[in-house]
Amino acid sequence: MNGMENNVAAPVADTAPALLEVRSLRVEFPTRRGTLVAVDDVSFSLRAGEILGVVGESGAGKSMTGTAIIGLLEPPGRIAGGEILLEGRRIDNLDYERMRRIRGKEIGAIFQDPLTSLNPLYTVGRQLVETIRTHLTMTEAQARRHALDMLKEVGIPAAEERIDHYPHQFSGGMRQRVVIALALCAGPKLVIADEPTTALDVSIQAQIITLLKRLCRDHGTAVMLVTHDMGVIAEAADRVAVMYAGRLVEIGPAQAVIRDAHHPYTRGLMGSIPTIGRDVERLEQIDGSMPRLDAIPPGCAFNPRCRQRFGRCEREKPSLIGQGDRAVACWLHEQGEGAS
Amino acid sequence: MLSQSRFADSLRRFFDSDIWYSFKSSRVTVAAAIVTAVMILTAIFSPWIAPQNPFDPASLDLMDAFTPPVWYEDGVPKYLLGTDDQGRDMLSALMYGARISIFVGFVAVLVSMLIGVTLGVIAGYVGGAVDALIMRIADIQFTFPAILVALLVDGIMRGILPKEVHDDLVLVVIILALGVSGWPQFARTVRGSTLVEKNKEYVLAARVIGLKRSTIMLSHVLPNVLGPVLVIGTINLAIAILGEATLSFLGVGVPPTEPSLGTLIRIGNDFLFSGEWWIVIFPGLTLALLVLSVNLLGDWLRDALNPKLR
Amino acid sequence: MSEDLNRERDGEAFVLRVEGLTRYFDVSPPWLNRVIERTGKRIVRAVDGVDFAIRKGETFSLVGESGCGKSTVARLISGLYEPSAGAMHFGRRGDSGEKLRVQMIFQDPYASLNPRWRVADIVAEPIRVYNLCPDAASRRRRVGELLEQVGLSASDGEKFPHEFSGGQRQRISIARALAGEPDFLVCDEPTSALDVSVQAQILNLMKDLQREYGLTYLFISHDLAVVYHISTTVGVMYLGRLVEWAEKKTLFSDPRHPYTRMLLAAIPDLGMSGKPRTPVAGEVPSPINPPPGCAFHPRCPFAEERCRREVPQMRSVGGRYVSCHGVEEGRIPDEDALVPMNGERQ
């Protein structure tokens with residue numbers, strides 16, 4: 001019900017220290033019709049160099065979680081509970097100025113629409129140099145050299161020339177590469193990538209995912225990859241966290257979760273995705289749709305759509321209970337409870 | 001029975017809506033709405049509630065001319081706000097004057113709206129040469145101040161109508177003059193929204209079904225472009241009321257025998273420096289208050305409708 | 001090509017045969033600007049000579065990246081656009097000789113329903129226009145039936161579109177399309193604005209309705225997995241041209257056109273079978289100024305002089321139609337021999 005009993009921080013696979021730790025995060029939106037809880041009691045952690053996919057349908061709270069971590073929640077949205085720790089330091093209660101210094105320097109961000117993430121009035125070089133010099137002590141010339149290296153690294157052809165171009169002179173895929181360069185140029189330890197491939201064509205999506213993976217491996221950067229696309233998760237993520245109606249319902253290694261999902265929602269979700277080569281007359285389907293934030297049912301939020309629900313599901317909210325490197329919030333799996 | 005429950009349903013929807021909420025939570029808007037409502041109601045019911053009929057020469061007494069308001073020593077309770085040079089009760093004259101001003105304003109805006117919305121939807125939906133023609137006319141009219149266009153229309157009407165007919169139709173002429181001067185703004189806005197709406201998929205769906213162009217414009221596009229029209233309509237109401245006042249002030253509007261607020265101001269203007277200030281100040285204040293309130297309502301409506309048209 | 005097509009597919013009931021379908025759009029700046037800036041007219045060749053045929057009861061899908069012209073084809077066939085050139089031969093309705101009825105389902109469930117109308121009125125509109133029900137009472141009954149058929153309840157007709165979720169709105173769209181008693185449904189990305197679990201519901205519904213009414217679908221999508229699931233026949237478009245079309249199994253198991261192969265290789269692989277990834281190099285050029293010859297040649301690893309010069313014609317090759325000089329000359333190697341394009345494999 002509340003964050004107390006499950007301070008069993010989300011399971012971490014090995015003993016490597018967590019780079020990012022989110023504990024019982026709660027994000028609220030006060031409205032005139034009552035307070036909406038967009039993110040409810042979400043806990044997970046992220047190790048250096050790891051790619052964590054956060055997946056869910058629209059309104060599940062996945063983007064909101066990312067936005068809360070970089071401290072860019074739009075008022076009246078606010079963090080109403082829990083803690084966010086970056087390398088052991090709390091960052092959820094920092095003032096605007098201190099958070100600004102962390103953004104870009106320690107946490108980079110990549111958003112869905114590359115066009116709106118770049119300022120159309122400045123050349124990409126100027127935007128890169130500005131970001132670099134805000135966060136790193138470099139001269140103008142050094143920063144420009146670094147910017148050029150970044151552009152080359154993200155695969156911009158003829159970078160020497162393109163550095164002085166404006167964002168509209170780039171195609172969609174190239175623009176997203178520039179955004180990635182911008183996110184990585186100050187050498188952040190963590191990148192929040194919110195639907196980085198959604199606005200792109202399939203063929204470009206693959207390029208961007210591959211690039212993101214390679215860069216993170218080379219720089220040891222951890223990525224929180226927010227997406228609705230299971231295919232992207234399967235391609236890129238080491239671990240996956242599944243969200244539903246503001247809560248984390250399942251978390252674990254990406255392959256394990258995709259092949260053998262524990263939560264009925266995750267299982268249904270996987271079954272509902274058409275796959276090339278799999279011939280079925282009908283797709284498995286989860287009836288109904290995710291509840292709106294102002295109408296989340298009591299108990300497990302998924303219970304009205306769940307074929308395996310029983311009495312307890314309608315009364316009590318299950319919390320995330322871990323077994324090894326996997327955890328699931330479902331009363332069907334409560335045997336693992338003894339572990340805490 | 002069904003329509004009744006639909007009506008109740010709509011009412012409930014309205015009082016639950018964001019628009020009603022934003023209305024309630026803006027004190028200035030509520031005040032403006034109250035002022036506007038009081039003025040409109042007073043104007044409508046003035047024949048029944050005014051102390052005197054200022055248009056009826058028989059009820060006027062020249063002996064009472066230039067009576068100051070009641071709080072002056074010479075004031076009498078019969079004339080709360082004093083009288084003018086004809087011995088007309090100012091309060092009654094204000095009520096009747098506002099009645100004419102508001103009536104002219106309303107109908108003139110309706111005329112502009114009718115012309116502007118029709119042409120705007122046609123221009124936006126049909127496009128091509130029709131669009132170019134309509135919008136260039138609008139552009140040309142935009143280069144003249146609206147009052148000049150109104151004066152022009154008024155002048156033409158005076159030219160073609162015999163004097164007696166013109167005197168009878170003076171209100172119609174003013175309404176037409178103001179109405180014609182205001183349409184381009186409606187046309188421009190409606191054309192813009194029509195361009196957006198016509199590419200939306202519900203309009204495409206109607207085209208796939210095979211509806212006639214006129215039906216699509218009327219039953220699909222039109223209802224969805226009216227939001228901004230309401231806003232411009234409200235703001236133009238204030239402009240039309242002012243326009244009427246200006247025309248009347250210039251002497252080409254409503255005749256002094258049946259004065260509107262503008263005419264009253266013109267009459268009073270002559271006495272401003274001879275000490276009978278109330279003859280001009282009260283109509284002036286009434287006009288200012290009316291226009292301000294309507295404008296405030298328009299501003300609020302724009303903000304309330306703008307973010308996501310409903 | 002068209003005789004070829006007729007020969008191979010004759011004898012089967014066609015719903016639609018498209019020959020040389022072409023649509024240009026004039027995207028020139030206004031006349032005055034052209035004079036001042038001394039620029040000429042700018043023409044987008046959105047669809048440029050497309051041939052295909054759709055059999056009764058099948059689902060014919062068109063896939064391709066944005067700007068390839070697949071949505072324009074959909075709008076041409078549904079009658080929203082007039083073709084600039086080419087012909088569309090529609091089949092007949094039963095024995096009546098009446099032209100087939102075409103209805104359309106759109107992508108954006110938030111824009112495809114008139115926000116000011118009640119759902120019942122929206123669904124009833126085609127019934128009224130085609131005079132399918134004699135009176136208001138039977139019309140109301142029919143609307144109720146239709147709503148129930150798409151998984152809503154008859155009482156939902158009293159509500160307005162904004163009271164429904166995206167998936168439910170798409171159901172209303174489908175009910176409206178069915179209300180016109182169509183033979184042929186043009187579906188333009190009907191699920192791409194929906195979440196996966198809702199997408200599955202809509203795809204299942206569409207399959208159920210197809211089985212029940214013998215509907216024929218033209219299905220437009222950029223999602224190859226969805227296309228694989230729903231289609232019988234698949235066509236791949238690139239820059240306004242159809243580059244390859246075949247039965248689904250043929251196309252997916254043995255794609256011949258280099259572009260089809262790249263597209264298939266680019267899909268994120270849920271099964272993570274560990275097959276080598278070949279990200280597609282480059283991006284789609286602007287359709288205003290498409291490359292000469294085969295439009296794909298700048299991205300094609302097998303491009304030769306002829307590809308840069310001559311537009312390839314569509315030919316029937318081993319149970320499929322391909323327009324590629326390389327395939328015609330037999331110089332495209334088998335798929336296994338494809339090499340990664342820019343080294344960005346994991």
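Throughout, a chain's letter reflects where its sequence line sits, starting with A, and its residues are numbered from 1. Note that this is a predicted model, so its numbers are computed, not measured.
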**OP:** Among the options A:Gln205, A:Arg278, A:His228, pick out the one with the most heavy-atom pairs lying under 4.5 Å from chain C.
**Re:** A:Arg278
Subject >> Atom pair CG/CD of A:Asp238 and A:Gln255 - distance to nearest 0.5 Å >> reply: 9.5 Å
Original post:
Which atoms of C:Ser165 come close to chain A, meaning under 4.5 Å heavy atom to heavy atom: side chain ones, backbone ones, both, or neither?
Top reply: side chain
Original post:
Heavy-atom distance under 4.5 Å between the side chains of A:Arg239 and A:Leu52, does that happen here?
Top reply: yes
**OP:** Would you mind checking which part of C:Gln168 comes under 4.5 Å of any heavy atom in chain A, side chain (CB onward), backbone (N, CA, C, O), both or neither?
**Re:** neither
Subject >> Selection from A:Gly271, A:Ser58, A:Gly56 maximising heavy-atom pairs under 4.5 Å formed with chain C >> reply: A:Ser58
Original post:
For chain A, which of C:Val227, C:Ile230, C:Asp223, C:Asp208 has the most heavy-atom pairs under 4.5 Å?
Top reply: C:Asp208
Subject >> Among C:Arg299, C:His257, C:Glu244, C:Glu65, the one residue meeting side chain to side chain donor-acceptor pair (under 3.5 Å) with C:Tyr238 >> reply: C:Arg299
Original post:
At a heavy-atom separation under 4.5 Å, does A:Met290 approach chain C through its side chain, its backbone, both, or neither?
Top reply: neither
Original post:
Are C:Glu247 and C:Arg320 ion-paired here, with the side-chain N under 4.0 Å from a carboxylate O?
Top reply: no
Original post:
With sequence neighbours excluded, what pairs up with C:Tyr217 under the ring-ring contact (aromatic ring centres under 6.0 Å, His included) test?
Top reply: none
Subject >> Which atoms of A:Glu281 approach chain C - backbone, side chain, both or neither, heavy atom under 4.5 Å >> reply: both
Original post:
Between C:Arg211, C:His229, C:Lys249, which residue shows the highest count of heavy-atom pairs closer than 4.5 Å to chain A?
Top reply: C:His229
Original post:
If you round to the nearest 0.5 Å, how far is CD1 of C:Ile202 from CD of A:Gln285?
Top reply: 9.0 Å
**OP:** Report the relative orientation of the aromatic rings in A:His263 and A:Tyr265; use parallel for angles under 30°, tilted for 30 to 60°, perpendicular for over 60°.
**Re:** perpendicular
**OP:** Let me know if C:Leu224 has heavy atoms under 4.5 Å from chain A in its side chain, its backbone, both or neither.
**Re:** both
